[in-house]
Amino acid sequence: MTAPTRPWTPTHGDPYRPVPYRPGRMDPEHSLNRSAELRTRMDERRTVRQFAPDPVPLQVVRDAVACAATAPSGAHQQPWTFVLVQDPEVRRRIREAAEEEERLSYDGRLGEEWLAALRPLGTDEVKPHLTDAPALIVVFQQRYWLGPDGAKRKHYYVDESVGIAVGMLLTALHLSGLAALVHTPSPMRFLAEVLGRPANEKAFAVLPVGYPAADCQVPDLVRKSLDQVLVEF
C-alpha cells in the first residue's frame, strides 16, 4: 500500500470535514489467531543493551517510524520528530554527552530509592549501546507548532501523544525483527544541541536499534500476569 499523496498541512481552526471509514471486519476466528500470535511475539520482546555492529535494513527502520507516526495525538497535531542517526561521529558525541550526565546521576543525583529500583537491571553510567548499535532514533516532542514565518501554536497532550508513538515504534521494530532500547538520559538538552533541532523541540528518548550481540544477556525478569494488570467489570 502506498502512502497518501495529499501533503500534510496544519489543521488548526479548520472546520470539521468527516469522510467515510469502512475497514473490513476480521472474522472472529482469524481475530483470535492473530491476537494469540501477537501476544506470543510481543512477549518475546526484551530491552537490549548489547548490540551487534551489523547494519540493519534502513527501510525497515523507516517503515517502523512511519508506523509510529500513525499514533493518535492530541487534536491530531502529531507533535513528534524522529531523527535517525547513523553517523559514527555523531553517535560518539551523543554517547559522550549522555555518559557525562549519567555519571552525575549515578554518583548521587538519582537518589538511593531510584538507584535501588534500577539495580535489578544491571545498568550503570557506561552506555556502549549508543555507539555499538548501528542506528539511533532520537525522538523529539514538539512543544508547539513553529511555522516558517515564526508563528507559534501550542500543542496539546504532547507527552501522552509522543509516549504512545514511541510504544508503537518499539512494537513495529520488534515485529520486524529488530531489537531496541528506550534510553532517557536526564537532562537531555544536549541532544537538541548535537542534532541541531529547533527551539520548539525537546528530546523525549533515544532508541538504539539493531540486532542483539551474539553474547547478549538480559536481566532475569518476570512480567506481571494478565490478571495482575487487567481489571474487568
Quiz item: Would M188 and F140 show up in the same hydrophobic cluster when neighbours are defined by side-chain heavy atoms closer than 4.5 Å?
Solution: yes
Quiz item: Is the number of heavy atoms from other residues, nucleotides or ligands within 6.0 Å of CG (D149) greater than 12?
Solution: yes
Self-check item: Close side-chain approach of P219 and P120, heavy atoms under 4.5 Å
Solution: no
Quiz item: Residues two or more places apart in sequence or in another chain: which of them pass side chain to side chain donor-acceptor pair (under 3.5 Å) with S31?
Solution: none
Quiz item: Applying the 4.5 Å side-chain criterion to the ILVMFWY set and letting contacts propagate, would L178 and L169 be lumped into a single cluster?
Solution: yes
Quiz prompt | Check: R49 and D132 side chains under 4.5 Å, non-hydrogen atoms | solution = no
Practice problem: Look at the side-chain heavy atoms of Ile, Leu, Val, Met, Phe, Trp and Tyr, link any pair under 4.5 Å apart, and say whether I137 and V166 land in one connected group. | Solution: yes
Quiz item: CG/L191 to CZ/R93 distance, rounded to the nearest 0.5 angstrom?
Solution: 11.0 Å
Under 3.5 Å, which donor-acceptor pairs do the side chains of residues 9-19 form with other protein atoms, sequence neighbours left out?
none

Practice problem: May I ask you to decide if L175's main-chain N or O and R41's side chain share a donor-acceptor pair within less than 3.5 Å? | Solution: yes
Quiz prompt | Salt-bridge present (R92, E96; N to O < 4.0 Å) | solution = yes
Contacts table for residues 204-218: side-chain donor-acceptor under 3.5 angstrom, sequence neighbours left out:
none

Quiz prompt | From CG (D107) to CD (E102), nearest 0.5 Å | solution = 11.0 Å
Self-check item: Backbone of S73 reached by a side-chain donor or acceptor of S161 within 3.5 Å
Solution: no
Exercise. Given side chain to side chain contact (heavy atoms under 4.5 Å, CB included), test F190 with E100 step by step and report yes or no.
Key: CA-CA 11 Å; F190 66 89; E100 182 176 343; over 6 Å; no
Please tabulate, one pair per line, all N/O donor-acceptor pairs under 3.5 Å involving side-chain atoms of residues 61-72, not counting sequence neighbours.
{"unit_1": "D63", "atom_1": "OD1", "unit_2": "Q59", "atom_2": "NE2", "d": "2.9"}
{"unit_1": "T70", "atom_1": "OG1", "unit_2": "C67", "atom_2": "O", "d": "2.6"}

Self-check item: Heavy-atom pair of closest approach, residues L130 and I94
Solution: CD1-O, 4.4 Å
Quiz prompt | Co-membership, hydrophobic cluster, residues M168 and V162, 4.5 Å side-chain | solution = no
Quiz item: Is it true that atom OH of Y157 has more than 12 heavy atoms of other residues, nucleotides or ligands lying nearer than 6.0 Å?
Solution: no
Quiz item: Can you tell me how far CG of L181 sits from CZ of F51, rounded to the nearest 0.5 angstrom?
Solution: 6.0 Å
Quiz item: By side-chain contact (heavy atoms from CB on, under 4.5 Å), which residues pair with R223, not counting sequence neighbours?
Solution: D43, R45, R46
Quiz item: With hydrophobic residues grouped by side-chain heavy-atom distances under 4.5 Å, do V56 and L170 end up in a single group?
Solution: yes
Between side-chain atoms of residues 80-87 and protein atoms elsewhere (two or more places apart, or another chain), which donor-acceptor pairs fall under 3.5 Å?
{"unit_1": "T81", "atom_1": "OG1", "unit_2": "Q142", "atom_2": "NE2", "d": "2.8"}
{"unit_1": "T81", "atom_1": "OG1", "unit_2": "E201", "atom_2": "OE2", "d": "2.7"}
{"unit_1": "D87", "atom_1": "OD1", "unit_2": "E89", "atom_2": "N", "d": "2.8"}
{"unit_1": "D87", "atom_1": "OD1", "unit_2": "V90", "atom_2": "N", "d": "3.1"}

Practice problem: Please name all residues satisfying side chain to side chain donor-acceptor pair (under 3.5 Å) with Q228, sequence neighbours left out, ordered by chain then number. | Solution: S225
Exercise. Answer whether the closest heavy-atom distance between the side chains of W145 and K154 falls below 4.5 Å.
Key: no
Quiz item: Under 3.5 Å, is there a donor-acceptor pair between the side chain of K202 and the main chain of A199?
Solution: no
Quiz item: Pairs in or reaching into residues 135-144: which pass salt bridge (Lys or Arg N to Asp or Glu O under 4.0 Å), with residues at least two apart or in two chains?
Solution: R143-D159
Quiz item: Among all residues two or more places apart in sequence or in another chain, which pass the side chain to side chain donor-acceptor pair (under 3.5 Å) test with E99?
Solution: R95
When the side chains of residues 109-116 are checked against the rest of the protein, which donor-acceptor pairs come out under 3.5 Å, sequence neighbours left out?
{"unit_1": "R109", "atom_1": "NE", "unit_2": "S105", "atom_2": "OG", "d": "3.3"}
{"unit_1": "R109", "atom_1": "NH1", "unit_2": "E101", "atom_2": "OE1", "d": "3.4"}
{"unit_1": "R109", "atom_1": "NH2", "unit_2": "E101", "atom_2": "O", "d": "2.7"}
{"unit_1": "R109", "atom_1": "NH2", "unit_2": "E101", "atom_2": "OE1", "d": "3.0"}
{"unit_1": "R109", "atom_1": "NH2", "unit_2": "S105", "atom_2": "OG", "d": "3.1"}
{"unit_1": "R109", "atom_1": "NH2", "unit_2": "S186", "atom_2": "O", "d": "2.9"}
{"unit_1": "E112", "atom_1": "OE2", "unit_2": "R119", "atom_2": "NH2", "d": "3.0"}

Quiz item: Would you say K127 and H183 make side-chain contact, with heavy atoms under 4.5 Å?
Solution: yes
Quiz prompt | side-chain contact (heavy atoms from CB on, under 4.5 Å) partners of Q77, counting only residues at least two apart | solution = A75, H155, Y156
Practice problem: Apply ring-ring contact (aromatic ring centres under 6.0 Å, His included) to H174 and list each qualifying residue two or more places apart in sequence or on a separate chain. | Solution: none
